[in-house]
Amino acid sequence: MKFPGQRKSKHYFPVKNRDPLLAQLIQQPRPTGTWICGIDQTLVDIEAKVEDELLARYRLPKGNSTLLEETLAEALYEELRSRNMICGQYAGGTIGNTVHNYSILADDRSVLFGVMSHQIEVGSYAYRYLCDTSSKVDLNHLQPVAGPLGRCFTLISENGERTFAISKGAMDQLGAEYISKELVQGSSALVISAYLMRAAEGDGITEAAMTAIQYAKAADVPVVLTLGTRFLIEQDPQFWRDFICDNVTVLAMNEEEGLALTGFEDPLLASEAALEWCDMVLTTAGATGLYTAGFAEDSEKRETAHLLLPGAIPEFNRYEFSRPKRRRDCDAPIKVYAHISPYMGGPEQILNTNGAGDGALAALLHDLAANTFHKTNVPGSIKHSKGGLCYSSFSQICKYANRVAYEVLAQNSPRLSRGLPEREDSLEESYWER
């Protein structure tokens, strides 16, 4: 596993870097690997620039997410293709993007549960999905199905607003019997999305997700939930509060989803409110940057060396150099917050906003898995004497997630094609040294 982020100071990572004298005296075992598991609705993203007339004709509410019947989806696709309106086709799905990006960043294994067309033809949607997924993502546990994968149309209006039309295909047909208990309980984290909980009657993906959650909880594996869209959350906010409280360790959301869930428009206050139901929160807030929030042990808190920031919670980043812990593992828990503005002010030209949050979450998962990796292979390290949810501090996770989100914004695809550069092309080297 690659070390998360970029840092100049020396760390005890990776674990193969040991004292050469001790290495001669003691035969060191090979490092034990780790992985994360994800459950997703396997689909292909189709991006197209359209006019409002087309949205009205297909009865697609502008800025909303709508389910399409297969015949209507096929008609929409044929029209977009015949009029040369399609500007990109990529493997998609919130969790698919996240586990792919995780494997690219960590250069390590992840496992994806979902469905895959039994018969795959060159150039088909299933073929595109496989081609655009990292070889480090273990797809051997996908359930074969007779139907097509899902399609998510991202229709971009002239003002840049995005409208989503989803053709389900067979993406919700995952059965609980295809969830491996051994893999889930041996993983560093189970990551799911809110979309999994809205399957129609007869589709098995909700039951499969709940089965995986029960496996994870029984083995004390962190469950990570990304909310996906505010339209789903605002239909029944109390359901999601109860669901998070009962099942979720880490919550990822944007400021709109935070408003729908908590009632707070300010992303910092929304993050604070969400800590009533989970142990850690990652909130992306567009041009404002992103926030992390969670708990730390009062006796282990570390003050920041950065400027104290004003906000709805005065000087909220005072202890951002602290390391995240689960609330139950703290004798005297305190709430800790961190914030960072967009890396270098954001890209000069934003080519894609779809997937930036998934990239940020992949960075957080990388840090969480690195903690498990290091704890397993260096169990005597003082870093793990009192436990911890992640390897790094709130502040460092902010920087890493922010940098990965920038990389996604600056490209067309929501999926990374390579890890972060070994050396930044800009003069902003101090970004990692702060």
Side-chain angles (χ1 to χ4, degrees), residues 1 4 32-40 94-95 98-99 101-103 105-106 108-113 179-194 196-197 209-228 240 243-253 271 274-283 292-297 322-330 333 335-336 357-358 360-376 383-384 386-394 396-398 400-401:
M1 173 182 285
T32 302
T34 187
W35 63 89
I36 66 166
C37 291
I39 305 175
D40 199 20
T94 296
I95 305 303
T98 301
V99 298
N101 290 338
Y102 165 85
S103 285
L105 294 170
D108 211 351
R109 181 190 183 197
S110 60
V111 179
L112 183 65
F113 298 110
I179 302 297
S180 168
K181 181 178 181 179
E182 181 181 3
L183 286 174
V184 172
Q185 296 191 336
S187 67
S188 296
L190 170 69
V191 56
I192 60 174
S193 76
L196 304 182
M197 297 298 119
M210 292 306 302
T211 299
I213 289 171
Q214 296 310 315
Y215 290 159
K217 290 168 63 177
D220 203 26
V221 172
V223 177
V224 182
L225 171 70
T226 177
L227 292 184
W240 291 107
F243 179 84
I244 294 166
C245 187
D246 293 339
N247 302 296
V248 175
T249 310
V250 179
L251 177 66
M253 61 187 183
S271 301
L275 289 180
E276 295 299 315
W277 312 306
C278 63
D279 293 314
M280 188 174 182
V281 181
L282 171 69
T283 304
T292 53
F295 296 93
E297 174 62 51
S322 304
R323 189 165 158 232
K325 298 185 72 169
R326 294 196 192 202
R327 175 166 39 186
R328 70 178 190 211
D329 294 334
C330 300
K335 292 180 180 179
V336 179
D358 300 338
L361 178 57
L364 189 155
L365 288 168
H366 184 193
D367 198 274
L368 188 154
N371 186 57
T372 306
F373 182 87
H374 192 265
K375 183 178 181 179
T376 302
K383 191 172 189 73
H384 306 295
K386 296 184 179 180
L389 183 60
C390 297
Y391 187 86
S392 307
S393 67
F394 287 93
Q396 192 70 35
I397 293 170
C398 258
Y400 187 30

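Keep in mind it's a predicted model, so treat the numbers as computed, not measured.
In this structure the side chain of Leu196 reaches within 4.5 angstrom of the side chain of Ile39, judged on heavy atoms. For the pair Trp35 and Asp108, the minimum side-chain heavy-atom distance is 4.5 Å or more. Taking 4.5 Å as the limit, some side-chain heavy atom of Leu112 sits within range of a side-chain heavy atom of Asp40.
When the options Lys325, Arg323, Met280 are evaluated for a side-chain contact (heavy atoms from CB on, under 4.5 Å) with Leu389, the one that passes is Met280. Just one residue in the list Ile244, Asp279, Thr283, Val223 forms a side-chain contact (heavy atoms from CB on, under 4.5 Å) with Leu251, and that residue is Ile244.
Classification of Arg327 and Glu297 as a salt-bridged pair fails, no side-chain N sitting under 4.0 Å from a carboxylate O. Ionic pairing of Arg328 and Asp220 is present here: one or more N-O contacts between side-chain nitrogen and carboxylate oxygen are shorter than 4.0 angstrom.
Counting only N and O atoms by type, the side chains of Thr94 and Asp358 include no donor and acceptor under 3.5 Å apart. For Thr34 and Ser188, the side-chain atoms include at least one donor-acceptor pair closer than 3.5 Å.
Using a 30° and 60° split on the angle between ring planes, Tyr391 and His384 fall in the tilted class, from 30° to 60°.
Note that the SG atom of Cys398 and the CG atom of Leu282 stand 7.5 Å from one another [nearest 0.5 Å]. Atom SG in Cys278 sits 12.5 Å away from atom CG in Asp246 (nearest 0.5 Å).
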Decide yes or no on side-chain contact (heavy atoms from CB on, under 4.5 Å) for Tyr400 and Leu105, but give the supporting numbers first. CA-CA 11 Å; Tyr400 187 30; Leu105 294 170; 3.5 Å; yes
